Amino acid sequence: MNPQSENKNLPAPHIVGFAQELKKLTEWLASFNVESQIFSITGIGGIGKTTLLTEMAAEARRYSAVTLWLDGEICLQTPGAFLSHLEMSLETEYGRTRTADTPLLAHVVAELTHQRTVVVIDNCEKIDRIDNWLLSRLLPLVAASEFLLVVASRTGLPVQWNTNPLWVNRVHSFSLELLTRQEVHEYVQSSGLPLQVQQDIVEKTDGHPLLLALTVDMLRRQGRDREEYEHQLPRILSAEILKEATSPYMYEALQLLSLFPAADQSMLNQLLHHPLSVLDYVALSTLSCVRSGVGGLTLHQLVSRMLREDYERRDPGHYQMMRSRVLELLTERYPSVNRLLQMQIATHTLELYREQLPSTHAYTDFSTVRQREVEQQMSFEPEDLPYLQRFLNASLARSDWQSELIESGQHSALLDDIANHVPEGIRVIRNADKLPLAFCAGLWLHDKTLSILEKYAPNDLKMLGEAANSARGLPPEAADTICILLAAVDVEQSYYRPEELGGMLFQFWLIDAMNGLRAIIPTADRQLNTLLSHLGFEERMMPTKQNAKEDMQIWELDFRQATFGVWVQRILRQNIQTPGFIAQEKPRVLSWDEVRQMLQHIHDDTVLEGMAPLQAMGCEGVIARELVMNILHADQPTYPLTELGQRILRESYLHSNYRKTELAEVLHMSRATFYRHLRQAFQQLGHAFAQRWMALK
């Protein structure tokens, strides 16, 4: 099925999420002699508040409760307007009319208390206009009946609702968050779109319900190019945020706040063209996408990313300059704040420069890592071990990286010993149901762990040199160095690509190491050696290579003495000039579709010469063909192109020995898996081509 063609007969995606909220409603509807309650639904623009209210109203009608729907934008002006809209809704929906001699309030109260009733009000941002009247006059009259009030707003009910003596224990607040990866998969699977298109949607919409629904709807009905639509996604959410920003100055402040993990008024005013007054800062803190914390104001992570993407597209030069200035301020602030804020700064720095981290590596993909997913990282529990052993066995069968210094056949036994004796050396990433998705395991170097290291990886002790020697006699509580030996992900689950889980693992260890620790990884894996150098690890000189592979290297990330600023300069050294952190010109990278077109016409000089992307790079068609030929025929693929990606592209476009379906069979892949690897190879070649062209220039 072609996602670009119009097909109105595709099945409509069903509603996902809202399980907790709908369960609470169903419990109330199904109970006998329930007390009156209030449900408060909150969340940023487009998060699904109206959709949830629609589902709640439908559920209430299925239970035969009187169900009234009001729009807060027009019914919350005055108490009289509110009662009038209730009266009209009762008459329109249920034919309940008021007699001429019955007061309006008495009529409404009689109807609301006559039988079980649910009143749903959307857009309640202005409820403070009449909340005193509601709490003191109307709601006490219905409190003893079976009455449920459901209100939705971006910022939630005013504080007096949660402190009112009559309602303090009857108000239930539900803050809507991004959809989980499982919920997004569930939604797109019902869309009728091809599997590859579904995967694109999952990765690009970031769990935001509005973006998800709009993207699926566009691909199902509008027939527009999805690469073009991808660029519009940040603008859609930006438009939602603009509904709350009452002035251009407020939007400028939001835009700047998107570059900080958290910022107070003084930090923002150092960089704003129009500094915020105290009242402006308070107004900024009341927006639905902003939260107040110890470090100042924090922007919702998805809104933050979307605003940054929109900012960069509109004014890339100014964006790069402001991002550099923000990084300078964060670097200055880092040593003086507590550990929690340091982790916040480190996480946000990785987010700010995510596009400069390896995005098409065989082991990691940072491009779709969400902070909500990273927060699922937890300590090891004994019941995790069967899962981790399964991940490890699958990794060994595929010859994925595990420390080459471990004695052959001893990897599973080593994991058992780490789990039984030093479980603090294991970190686990979990899904929303707390089930393991990935792990990495190592040994904190101290006196009691050296015997384990000597048993399973005797060559490590010689190769680690000072790190091993300094651990002798060291108590466990004084250990500050971990040697990472094992890592694996769940390749059987379908919600995350292995590289995404790898990105989460590495991001976790980067942030963990920034708390004054040292991480050491010994490896002879070429891909991992390349990756670690890009992540700010430094190669250590080995005391000896006796009994080790010739290409064995030891990588170290040491924050025991190194400062945050030094690491930032190191990890960004190819993109940032020091000490001012001024961004250098980055090479233009061909998109996956541009690479595909170039490969399709790789032997046609006329077409290559006419390709606008190559012209924009200043690369002649003949030179482009030579570069591609060299990259695809090289003994070692140019980073980040993998050997698998190199082979797929070489066989598909240069040798043409197989049709794509035949090549998938040769590689023992399903068609869906093959086309996923093919598109990834296009992306990898785009980066490799840009690097080779910049070096040639």
Side-chain angles (χ1 to χ4, degrees), residues 11-32 34-35 37-65 67 69 116 118-122 124 148-154 156-157 169-192 198 201-203 205-217 288 300-302 368 370-378 429-437 490 493-496:
H14 63 280
I15 300 297
V16 297
F18 310 139
Q20 175 189 0
E21 297 82 4
L22 291 174
K23 179 182 177 183
K24 189 72 174 178
L25 172 65
T26 302
E27 289 174 351
W28 187 87
L29 292 168
S31 300
F32 295 99
V34 293
E35 64 177 6
Q37 294 185 10
I38 298 171
F39 288 3
S40 174
I41 313 297
T42 62
I44 62 172
I47 201 68
K49 298 184 293 295
T50 301
T51 301
L52 175 57
L53 292 189
T54 303
E55 288 295 297
M56 285 184 158
E59 184 72 0
R61 294 187 181 101
R62 282 192 286 270
Y63 276 82
S64 301
T67 306
W69 181 290
R116 188 167 298 193
V118 178
V119 174
V120 177
I121 312 177
D122 199 5
C124 288
L148 176 64
L149 176 64
V150 184
V151 296
S153 64
R154 296 183 181 223
L157 290 170
N169 294 319
R170 303 193 194 185
V171 176
H172 303 277
S173 298
F174 302 97
S175 178
L176 301 188
E177 297 295 339
L178 301 178
L179 298 175
T180 66
R181 184 62 69 91
Q182 182 174 348
E183 289 168 340
V184 177
H185 271 272
E186 183 182 344
Y187 185 89
V188 299
Q189 284 170 358
S190 68
S191 68
Q198 291 181 23
I201 294 171
V202 168
E203 295 176 7
T205 55
D206 215 9
H208 188 274
L210 176 64
L211 299 186
L212 177 61
L214 287 173
T215 305
V216 170
D217 182 65
S288 69
H300 187 284
Q301 53 132 343
L302 176 65
T368 57
R370 280 166 41 187
Q371 185 57 30
R372 181 178 175 185
E373 292 160 339
V374 174
E375 288 170 354
Q376 291 293 328
Q377 294 165 348
M378 299 178 183
I429 291 177
R430 307 176 187 276
N431 63 15
D433 297 323
K434 309 300 188 231
L435 294 177
L437 290 171
D490 184 1
Q493 55 77 41
S494 58
Y495 300 129
Y496 300 87

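Predicted model, so just to flag it, every value in this text is computed and none were measured. For this chain, numbers begin at 1 and follow the sequence in order.
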Indicate the atoms forming the closest heavy-atom contact of [X] with [Y], along with that distance.
| X | Y | value |
| --- | --- | --- |
| Val118 | Ala65 | CG2-CB, 4.3 Å |
| Ala57 | Thr67 | O-CG2, 3.8 Å |
| Ala30 | Arg116 | N-NH1, 4.2 Å |
| Thr26 | Tyr63 | CG2-OH, 3.3 Å |

Query raised in the report: Which residues pass the salt bridge (Lys or Arg N to Asp or Glu O under 4.0 Å) test with Arg62, sequence neighbours left out?
Result: Glu59
Report task. Sequence neighbours left out, what passes salt bridge (Lys or Arg N to Asp or Glu O under 4.0 Å) with Asp490? Give chain and number order. Result -> Arg390
Hey, what do you get for [atom1] ([X]) to [atom2] ([Y]), rounding to the nearest 0.5 Å?
| X | Y | atom1 | atom2 | answer |
| --- | --- | --- | --- | --- |
| Glu55 | Leu25 | CD | CG | 10.5 Å |
| Leu157 | Thr42 | CG | OG1 | 9.0 Å |
| Leu437 | Asn431 | CG | CG | 5.0 Å |
| His172 | Gln37 | NE2 | CD | 3.5 Å |
| Phe18 | Leu53 | CZ | CG | 9.0 Å |

Query raised in the report: Run the side-chain contact (heavy atoms from CB on, under 4.5 Å) check on Leu148 and Trp28 step by step: do they pass?
Result: CA-CA 9 Å; Leu148 176 64; Trp28 187 87; 3.6 Å; yes
**Report entry** From CA spacing to verdict: side-chain contact (heavy atoms from CB on, under 4.5 Å), Thr54, Trp69
**Finding:** CA-CA 9 Å; Thr54 303; Trp69 181 290; 3.7 Å; yes
Query raised in the report: Given Lys24 and Glu27, is the side-chain contact (heavy atoms from CB on, under 4.5 Å) satisfied, shown in steps?
Result: CA-CA 5 Å; Lys24 189 72 174 178; Glu27 289 174 351; 4.1 Å; yes
So, using side chain to side chain contact (heavy atoms under 4.5 Å, CB included) as the criterion, who are the partners of [X] when residues are at least two apart?
| X | value |
| --- | --- |
| Gln20 | Phe174 |
| Gln189 | His185, Gln198 |
| Ser173 | Ser40, Asn162, Val171 |

Query raised in the report: side-chain contact (heavy atoms from CB on, under 4.5 Å) between Leu179 and Tyr187: does it pass, once the steps are laid out?
Result: CA-CA 10 Å; Leu179 298 175; Tyr187 185 89; 5.6 Å; no
**Report entry** Residues which pass side chain to side chain donor-acceptor pair (under 3.5 Å) with Arg170, listed by chain and number, not counting sequence neighbours
**Finding:**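 Residues passing side chain to side chain donor-acceptor pair (under 3.5 Å) with Arg170: none at all.
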Report task. Look at the side chain of Lys49 and the backbone N and O of Ile41, then say whether any donor-acceptor pair between them is shorter than 3.5 Å. Result -> no
